[in-house]
There are 2 protein chains.
Amino acid sequence: MESTPPTLSRKAQIDQTATALFRRRGYAATSMRELAAALGIEAGSIYSHIRSKEELLHRICFRVADEFMAGLRAATADDLAPAAVHLRLAIDSHVRVLIRDTDASAVFLHEWRHLSEPALSEFVQLQRGYEAAFRDMIARGVADGALRTPDPAFATLTLFASLTWLPNWYRPDGKLNPDQIAERLTDQLLGGLATDYNPTT
Amino acid sequence: MESTPPTLSRKAQIDQTATALFRRRGYAATSMRELAAALGIEAGSIYSHIRSKEELLHRICFRVADEFMAGLRAATADDLAPAAVHLRLAIDSHVRVLIRDTDASAVFLHEWRHLSEPALSEFVQLQRGYEAAFRDMIARGVADGALRTPDPAFATLTLFASLTWLPNWYRPDGKLNPDQIAERLTDQLLGGLATDYNPTT
DNA sequence: ATTGTTTGCTAACGAACGTTAGGAACCAGT
DNA sequence: ACTGGTTCCTAACGTTCGTTAGCAAACAAT
């Protein structure tokens, strides 16, 4: 059972509503009074649960960052697996986070720059490490012949471009369910790179 | 010669500085006092040249939209050319706009949602038409056998994803000059689609 | 019964916001 | 010399911002 109330705790509700608003209108353009109205309470009441507006953004960004990082660790846990397998699992994990938590992912991707120091630097560092891991996987895949691309660095950019674009077009009520989307996107992105690639379909 | 002063007109300077600020900090998070400070004047002075803050955003967004549209028209001017050629020229033109005017392009891509009606609807309509044109070119290219992709709609998404991502990584002081970037990006994006493609290099 | 936690209110603070009014300096063309 | 346009200033307007203080109701645990 739970020690917390049966539904979402108020703080969790605030996080959720703030995430949706930050995504739709942008962090800077969302006022605390707007957030309060969406929750059906007054602006001042929010501060019984949080310390500041930026704390909301901070929690969203770093929670999503944690999910991405955990997925990456799980995908590369098997040291003996080839780089191309690591890459496939990592892309798949990344897509699943994007789909499971589209609003928070969109905030993570576009609103992080409104963090202030020192959180901003910490976030950027996490981001760089994450991207570097993908670049390494692709480079190792090319080195061992499993992947083929005229320009690994550029391939990494294209990969992240496609991943980052997903929240812009994904609709939960679309024809494909999340698993199918993740599978298809992974297949498509890897299909363009692999020298010999057979999708699981 | 020119009837305007030798350097940029003040209004053009304001546009330029606003573009850079809107890009770096976001439209909503950029204050008129910040903009004024960057120009070395007082906030009130700006209103001798413009009517409102949103007018700045409006001008940036619709000017870039015009450039994209003009490029698309030029690329598809030759009715007799095959769809794959139209597509190549259109991608090339798009990339050149992105590179020539990176700041304005980034504002166009990310800040347009802060436009208010009716400009917002007008902008969205332009955007949809532009994307539809690319989708059609890809679909026709697939139909006539010049292009190959398991999912034309998804290919269009990936294409726009890569294009939209460019301002995020492009640096004018990089190794490649604008022409080389445009050529390489066009080659790479089309290379993944074409059934038989020989880059111009 | 009491205590502590959660939740929310009203009222207001100082700061920052976009914007305007009114005036002044400068400069080009007549 | 005069005129009209461009440019910028100071001062302030009304509004909205994030946030705080102080208080109160509801409820769970002891």
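All values below come from the heavy atoms of this structure, side chains included, with hydrogens, waters and symmetry mates left out. What you see is a predicted model; the values in this text were computed from it and never measured. Proteins get letters first, then strands, A, B, ... in listed order; numbering begins at 1 in each.
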Interatomic distance where [atom1] belongs to [X] and [atom2] belongs to [N] [whole Å]:
X	N	atom1	atom2	result
Lys53(A)	dC17(D)	NZ	P	9 Å
Ile46(B)	dA21(C)	CD1	C1'	17 Å
Glu42(A)	dG22(D)	CD	C1'	16 Å
Met32(B)	dT20(C)	CE	P	10 Å
Ile50(A)	dT19(D)	CD1	C1'	10 Å
Glu55(B)	dG18(C)	CD	C1'	14 Å

Margin query: Taking the nucleotide of DNA chain D with the nearest heavy atom to each, does Ile41(B) or Glu54(A) sit closer to the 5' end?
Written below: Ile41(B)
Note to self: Classify Ser31(A) by what it touches in the nucleic acid, base, sugar-phosphate, or nothing, heavy-atom distance under 4.0 Å.
What the structure shows: sugar-phosphate
Next item on the list: Ignoring hydrogens and angles, tell me if any N or O in the side chain of His110(A) forms a donor-acceptor pair with the backbone of Ala106(A) under 3.5 Å.
Entry: yes
Checklist line | Validation row, ring centre His94(A) to ring centre Tyr130(A) under 6.0 Å | finding: yes
[X] side chain N/O closer than 4.0 Å to the phosphate oxygens (OP1, OP2) of [N]?
X	N	result
Tyr47(A)	dT20(D)	no
His49(B)	dT6(D)	no
Arg10(B)	dC8(D)	yes
Ser48(A)	dT6(C)	no
Arg51(A)	dT20(D)	no

Check: What's the spacing between Ile50(B) CD1 and Ile14(B) CD1 if we round to 0.5 Å?
Finding: 6.5 Å
Next item on the list: Kindly indicate whether the side chain of Leu98(B), heavy atoms from C-beta on, has any atom under 4.5 Å from the side chain of Leu109(B).
Entry: yes
